[in-house]
Amino acid sequence: MLPSIVLFAGFVNLVSSAVVNDVRPLVIWHGLGDTYASPGMVRFENEVKEMHPGVFVHSIFIDEDPNVDQRATFYGNVNQQIVQVAQQLAEIPELSRGFDAIGFSQGGQFLRGYVERNNSPPVHNLITFGSQHMGVSDLPACKPMDLLCQVARRAANSGVYSEWAQEHLVQAQYFRDPQRLSQYISSGSFLPDINNEVLLPSSRNASYADNLASLNKLILVLFLQDKTVVPKESAWFGSEQPLEDIAIETSGSDQTPMLSSPNTKDIIPMRLQTLYREDWIGLRQLDESGGIEFVACQGEHMQIGDCWKDLVAKWVGGSLSAN
């Protein structure tokens with residue numbers, strides 16, 4: 001009977017392997033000041049694996065040395081980092097059929113940059129937590145003892161649109177000053193490009209729209225008490241209204257869900273953004289096909305709590321054969 005038992009065990013292993021291989025993998029990109037190997041990231045990976053047995057999880061890194069990887073969240077060229085990450089993902093066999101992706105804070109718009117520019121292997125569902133899709137109009141405050149952050153913040157504040165800052169300071173590369181939009185468009189090295197905010201319409205990259213619209217779902221998570229991302233509505237593709245555009249119509253049934261409170265600057269919601277109305281990046285096409293979910297989580301920036309669980313249960317760990 002022993003050969004039969006061995007054969008049966010082998011068959012079970014083959015079936016089990018086939019089931020595991022059919023689970024769509026997950027890719028994660030951490031945020032500012034974090035590292036791919038931090039205790040929080042490792043804990044999150046393990047909890048995802050418990051929720052979705054057999055799922056393969058890859059945490060993006062710019063350098064395998066955690067200290068260097070952390071520094072790269074402050075100092076570096078985002079465009080070069082996305083090229084490096086695209087190569088990294090392409091070389092992982094488990095990702096070859098596509099994957100779901102989660103971006104924490106700035107990792108969210110960086111993953112969107114990957115989708116628009118590369119998307120090979122392709123992203124199925126993209127979840128972004130508190131990401132700065134329309135940039136920030138103020139640089140995040142630093143913790144009292146975070147010297148790495150403080151030095152980067154002072155350097156960016158001294159000349160956010162200078163050539164040096166746009167080449168070397170990560171936060172400067174998604175700084176979108178509503179009162180200096182022309183300078184942001186002409187000097188910004190990263191965000192104006194992936195948002196197709198260009199001075200010459202003929203310079204827009206049509207493939208960005210095609211790639212973003214190919215997503216199954218884009219889940220945009222905003223933190224209700226977020227004071228780190230200014231404005232917090234950037235997580236939902238909202239931005240502060242520039243003074244020269246103050247007369248824009250902001251009422252109507254087609255508005256993106258938006259939050260407002262007294263004494264805050266007016267916010268242009270996603271569906272009233274020019275990049276949405278003229279569909280520069282495929283956002284409108286994706287939205288009109290039912291491909292965008294707006295989610296609000298209680299708490300300050302990246303105080304996720306249990307807010308992630310329902311989202312990861314629903315949009316991560318599906319079947320690859322269902323693509």
Side-chain angles (χ1 to χ4, degrees), residues 28-34 40 44 73 100-113 115 123 125-141 171 174-176 178 191 194-195 212 215-241 250-276 281-284 286-288 290-316:
I28 305 169
W29 200 332
H30 60 83
L32 182 72
D34 204 354
F44 181 79
T73 69
D100 296 318
I102 295 177
F104 294 122
S105 193
Q106 68 183 23
Q109 67 259 26
F110 298 169
L111 274 168
R112 176 166 66 88
V115 170
V123 176
N125 297 321
L126 173 58
I127 306 173
T128 67
F129 285 92
S131 298
Q132 301 88 349
H133 289 295
M134 290 299 290
V136 292
S137 59
D138 190 18
L139 295 174
Q171 293 169 283
Y174 56 85
F175 189 87
R176 188 179 189 273
L191 190 66
I194 67 161
N195 281 357
L212 190 68
L215 288 173
N216 177 63
K217 283 286 183 179
L218 173 61
I219 299 95
L220 303 171
V221 181
L222 173 150
F223 293 97
L224 289 168
Q225 286 77 43
D226 198 335
K227 294 183 287 293
T228 300
V229 174
V230 180
K232 64 179 180 291
E233 290 85 359
S234 186
W236 283 353
F237 278 91
S239 65
E240 290 179 10
Q241 194 169 48
T250 58
S251 62
S253 60
D254 66 340
Q255 280 196 64
T256 302
M258 64 180 291
L259 306 165
S260 60
S261 57
N263 303 317
T264 58
K265 297 178 180 178
D266 290 334
I267 299 296
I268 303 174
M270 183 188 79
R271 294 185 181 121
L272 292 180
Q273 296 284 353
T274 305
L275 68 78
Y276 176 91
I281 59 172
L283 203 60
R284 181 169 184 166
L286 185 63
D287 185 34
E288 290 179 345
I292 298 181
E293 300 281 334
F294 297 96
V295 179
C297 290
Q298 291 290 340
E300 238 282 18
H301 187 66
M302 293 309 301
Q303 292 181 352
I304 296 179
D306 291 336
C307 190
W308 66 271
K309 291 185 176 179
D310 288 344
L311 302 178
V312 172
K314 185 173 184 180
W315 303 115
V316 170

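In this text, all values refer to a predicted model and were calculated from it rather than measured experimentally. Computed over heavy atoms, backbone and side chain alike; hydrogens, waters and symmetry mates excluded.
Two residues are said to be in side-chain contact when any heavy atoms from C-beta on lie closer than 4.5 Å; I194 and I281 fail this criterion. Contact check for I102 versus F129: side-chain heavy atoms found under the 4.5 Å cut-off. For the pair V316/N125, no side-chain contact is recorded, criterion being any heavy-atom separation below 4.5 Å from C-beta on. Side-chain contact check for D310 versus V295: every heavy-atom pair is 4.5 Å or farther apart. Annotation: side chain of I267 is not in contact with side chain of W236 (no heavy-atom distance under 4.5 Å). Put simply, the side chain of S105 reaches to within 4.5 Å of the side chain of Q132, judged on heavy atoms. Using a 4.5 Å heavy-atom threshold, the side chains of L220 and I292 count as touching. For the pair I304/F223, a side-chain contact is recorded, criterion being any heavy-atom separation below 4.5 Å from C-beta on.
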| message | I'd like to know whether E300 forms a side chain to side chain contact (heavy atoms under 4.5 Å, CB included) with D226, so could you lay out the CA-CA distance, the side-chain angles of the two residues, the decisive distance to 0.1 Å, and finally the verdict. | response | CA-CA 4 Å; E300 238 282 18; D226 198 335; 3.6 Å; yes

| task | Start with the C-alpha distance between E233 and I268, add both sets of side-chain angles, then the distance that settles side chain to side chain contact (heavy atoms under 4.5 Å, CB included), and finish with yes or no. | result | CA-CA 9 Å; E233 290 85 359; I268 303 174; over 6 Å; no

| How far apart are the C-alpha atoms of D100 and V312, what are their side-chain angles, what is the distance that settles it, and do they pass the side chain to side chain contact (heavy atoms under 4.5 Å, CB included) test? | CA-CA 10 Å; D100 296 318; V312 172; over 6 Å; no

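Taking CG of D287 as the reference point, atom CZ of F294 lies at 5.5 Å (rounded to 0.5 Å). Note that the CG atom of L111 and the CG atom of L218 stand 11.0 Å from one another [nearest 0.5 Å]. Taken to the nearest 0.5 Å, the CG atom of D266 stands 11.0 Å off from the OG atom of S239. Interatomic distance, L224 CG to H301 NE2, rounded to the nearest 0.5 Å: 14.0 Å. Considering CD of E240 and CE of M134, their distance stands at 11.0 Å, rounded to 0.5 Å. Rounding to the nearest 0.5 Å places CG of L311 at 11.5 Å from CG of D306.
In this structure, M302 and F104 approach most closely via the heavy-atom pair CE-CD2, 3.3 Å. Contact between T73 and G31 at its shortest, heavy atoms only, is CG2-O, 3.6 Å. For the pair G103 and S131, the tightest heavy-atom approach, listed with the atom from each and the gap, is O-OG, 3.9 Å. The two residues C297 and V221 make their nearest non-hydrogen contact at SG-CG1, 3.5 Å. Of all the heavy atoms in V123 and A101, the pair that sits closest is CG1-CB, 4.0 Å.
A donor-acceptor distance shorter than 3.5 angstrom exists from the side chain of Q225 to the backbone of G299, with no hydrogens or angles considered. Looking only at distances, a side-chain donor or acceptor of S234 sits under 3.5 Å from a matching main-chain atom of G135. No donor-acceptor distance shorter than 3.5 angstrom exists from the side chain of K227 to the backbone of K232, with no hydrogens or angles considered.
For the residue pair Y174/Q109, the side-chain donor-acceptor check at 3.5 Å is not satisfied.
For the side-chain hydrogen bond (donor to acceptor under 3.5 Å, both in side chains) criterion with N195, the lone passing option out of R112, R176, Q273 is R112.
Taking the six-membered ring for Trp and thresholds of 30 and 60 degrees, H133 and F237 have nearly parallel ring planes, at less than 30 degrees apart.
Partners of K314 by salt bridge (Lys or Arg N to Asp or Glu O under 4.0 Å), not counting sequence neighbours: none found.
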